[in-house]
Number of protein chains: 2
Amino acid sequence: MNTRDKIINIADKFFYEKGFENTSFADIAANLNISRGNFYHHFKTKDEILDEVIKQRLKNTQNMVDNWDLENENPAARLKTFVKILIRNQSKIMEFGCPVGTLCTELSKLNHKAQNDANELFILFQTWMVRQFNQIEIYENANKHAMHLLMRTQGMAVIANAFRDENFVQTEVDNACSWIDEIIEKEGKNVRNLS
Amino acid sequence: MNTRDKIINIADKFFYEKGFENTSFADIAANLNISRGNFYHHFKTKDEILDEVIKQRLKNTQNMVDNWDLENENPAARLKTFVKILIRNQSKIMEFGCPVGTLCTELSKLNHKAQNDANELFILFQTWMVRQFNQIEIYENANKHAMHLLMRTQGMAVIANAFRDENFVQTEVDNACSWIDEIIEKEGKNVRNLS
DNA sequence: GTCTATAACTGGATAGAC
DNA sequence: GTCTATCCAGTTATAGAC
C-alpha cells in the first residue's frame, strides 16, 4: 500500500475513534513513521484528508451494501442484515458510536464544509433501503420506513455508546427486526422476491 | 447575574452549539466582554467549567421533568410530552442535535473523565420514564420501554440534525406517540391514573 | 478582600520553506 | 525529509480597580 492510502486508512480510523478535530497530523504521522513533510506532499490541508476519508467510506459502504444484495435471498433478510450491523460491530459501536452518525454530528457542530459529503453516507443507506422496500412493492411509504430504520440504528448507536449495555443492543436489534417483519406483513407484496 | 454564572451560561450554550473542545475561552470571553485571565478567578480549569455546566443541566432537567409531572394528568401524556421535546426544540435540534446525546458522544471520543457525569443526564430521563411506566403498573418491562423511548429520541435527533427535515421529525414523533399508546393498551393497567 | 485586566508562558497545532 | 514559522489554545503571574 502506498503512503497516501496508508494516511487515509489511519486517518479514517482516528477520525472515528478520536474524532476529526481531536486527531492531529502528529497522531497520524507517529503511527505511520513518516515525516510531516512527506505528509504535506500528499495532502495540503487536514480538510483534504477528510474529503478523501469520506470518499473511501462511501466506496466501502457501497461495496458493503452490494454484498448484502448478493448474500441475502430477499429484501427482508437484507434489511435485517443492515440492522444487525449493530451486533456485528457491537464492541466498536459501544466504544466509539456509529462512524456515520458521530462524524455528521461533529461536522455539524464545527459547521464544517464537508457536512453534505458526510451526509451522503446516510443517503446511501437510505437509498439502498428504499430500493429494498420497492422490491416488495412498498412504494409510497418506502422512504418513511427507510428513515425510520436509519433513525433506529442511530438511536441504538448513541445509547449503546453512552450506556455500554450489550443486552440493550440485542433487545433493540430484535425489536427492529420484528418491526421489519410487521411492516412487510402489513404492506409488502411479492414477499418471496428473490431478485 | 454574577460573572461566574454568566460564564456557565455562555459555556453551556457554546458547548452545545459548537462542541466542548471547539469552544475556546476566547469565544466565551469575547461574548461576555471579560478578559481571559478572569476565568481563573472563578474556575481552576476548563474541565471545571464543564463540570458546572453538567451540574446546571442536571438541575434544569430535573426541574423540567418535575414540571411535566405537574402539568400532565397521566403517565401517557407525560411520556408524550417527553417525546414532543423534539417538536418544541425542533429548530435547535435540527441545527445542533440533542444537547445530551451530542455531549455524551463528544466526551466519549475525547475519552473525557466527565463521561459518567454527562451520562447522568440520560439516566435522569430513563429513571423518570421508568417511574411513569410503573404508575400504570408496568414493572417488568418498564426499563426496556424507557430505553426504547430514549433510543428513539436520540435517533430522531441525529437524523434531524443530518437531514434537517421537519416532516421527518413530525412523522417520527407521531410514530413514537402511537407506540406509547400501543404499549399502554397492551401492558398498562390503572391507565387513568392521575397521580 | 473580591473581582478584573494585562501580559507573558508553555505546549501543541497547522502550515510552509528549504 | 528536516527544520522552522506562526498561530492559538489553556494556563499562570502579577498588578490594579472596586
Side-chain angles (χ1 to χ4, degrees), chain A residues 1-55 102-103 106-115 117-118, chain B residues 1-56 102-103 105-115 117-118:
Chain A
M1 195 186 297
N2 61 33
T3 302
R4 186 187 154 88
D5 288 340
K6 279 186 197 163
I7 291 172
I8 296 173
N9 276 340
I10 291 287
D12 189 351
K13 176 182 155 76
F14 281 177
F15 290 175
Y16 176 37
E17 296 182 356
K18 297 159 57 89
F20 168 67
E21 241 214 345
N22 193 39
T23 299
S24 69
F25 282 142
D27 289 330
I28 300 172
N31 203 285
L32 291 178
N33 286 318
I34 61 172
S35 67
R36 258 301 285 122
N38 192 350
F39 221 107
Y40 202 74
H41 178 253
H42 296 287
F43 301 96
K44 277 195 276 293
T45 67
K46 193 179 171 184
D47 287 347
E48 211 170 276
I49 301 182
L50 177 61
D51 290 341
E52 290 306 310
V53 166
I54 293 174
K55 264 188 207 163
T102 56
L103 180 64
E106 181 180 3
L107 296 183
S108 167
K109 300 254 180 205
L110 299 177
N111 210 0
H112 195 286
K113 64 180 191 300
Q115 272 177 85
D117 295 327
Chain B
M1 195 186 299
N2 62 33
T3 303
R4 184 188 153 88
D5 288 341
K6 278 186 198 161
I7 292 172
I8 296 172
N9 276 341
I10 292 287
D12 188 353
K13 176 183 154 77
F14 280 179
F15 289 174
Y16 175 38
E17 296 182 356
K18 298 160 56 89
F20 168 67
E21 243 216 343
N22 192 40
T23 298
S24 70
F25 282 15
D27 290 330
I28 301 173
N31 202 284
L32 291 178
N33 284 317
I34 62 172
S35 64
R36 280 213 313 290
N38 193 353
F39 278 104
Y40 288 87
H41 177 71
H42 301 282
F43 304 95
K44 279 196 275 293
T45 65
K46 191 182 178 186
D47 286 347
E48 206 170 279
I49 301 180
L50 177 61
D51 291 340
E52 289 306 310
V53 166
I54 293 174
K55 263 190 208 162
Q56 176 169 295
T102 55
L103 180 63
T105 297
E106 181 179 3
L107 296 183
S108 167
K109 300 255 179 203
L110 299 177
N111 209 2
H112 195 286
K113 65 179 190 301
Q115 272 176 86
D117 295 327

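Just so you know, these numbers come straight off a predicted model, no measurement behind them. For the numbers below, each heavy atom of this structure counts, side chains included, while hydrogens, waters and symmetry mates do not. Letters A, B, ... mirror the listed sequences (proteins, then strands); counts begin at 1.
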Check: With a 4.5 Å limit on heavy-atom distance, are the side chains of A/Ile49 and A/Phe25 in contact?
Finding: yes
Next item on the list: Sequence neighbours left out, what passes side-chain hydrogen bond (donor to acceptor under 3.5 Å, both in side chains) with B/Thr102? Give chain and number order.
Entry: A/Lys109
Next item on the list: May I ask you to list the residues of residues 37-55 of chain B, by number, that have any heavy atom positioned under 4.0 Å from an atom of DNA chain C?
Entry: B/Gly37, B/Asn38, B/His41, B/His42
Checklist line | With B/Gln56 via side chain to side chain contact (heavy atoms under 4.5 Å, CB included) - residues at least two apart | finding: B/Ile8, B/Asn9, B/Asp12, B/Asn60
Next item on the list: Would you classify A/Ile34 as touching base, sugar-phosphate or nothing, given that sugar-phosphate means primed atoms plus P, OP1 and OP2, and contacts are heavy atoms under 4.0 Å?
Entry: nothing
Next item on the list: Quick one: list whatever passes ring pair (Phe, Tyr, Trp, His ring centres under 6.0 Å) with A/Tyr16, sequence neighbours left out.
Entry: A/Phe96
Using a cut-off of under 3.5 Å, enumerate the N/O to N/O pairs linking the protein to nucleotides 4-8 of chain D.
none

Notebook entry, point to check: Can you list the residues that meet the side-chain hydrogen bond (donor to acceptor under 3.5 Å, both in side chains) rule with A/Lys46, with sequence neighbours excluded?
Noted result: none
Margin query: Can you list everything that forms a salt bridge (charged side-chain N to carboxylate O under 4.0 Å, His left out) with B/Glu17? Sequence neighbours excluded, please.
Written below: B/Lys13, B/Lys92
Note to self: Restricting to side-chain hydrogen bond (donor to acceptor under 3.5 Å, both in side chains), what partner residues turn up for A/Asp47, sequence neighbours left out?
What the structure shows: A/His112, A/Lys113
Notebook entry, point to check: Can you name the side chain to side chain contact (heavy atoms under 4.5 Å, CB included) partners of A/Asn33, sequence neighbours left out?
Noted result: none
Checklist line | A/Asp27: side chain to side chain contact (heavy atoms under 4.5 Å, CB included) partners, not counting sequence neighbours | finding: A/Phe14, A/Lys18, A/Thr23, A/Ser24
Item checked: Sequence-distant partners of B/Arg36, side-chain hydrogen bond (donor to acceptor under 3.5 Å, both in side chains), two or more places apart -> none
Next item on the list: Check every nucleotide of DNA chain C for an atom under 4.0 Å from a heavy-atom of chain A, then give the first and the last such nucleotide from 5' to 3'.
Entry: C/dA13 to C/dG16
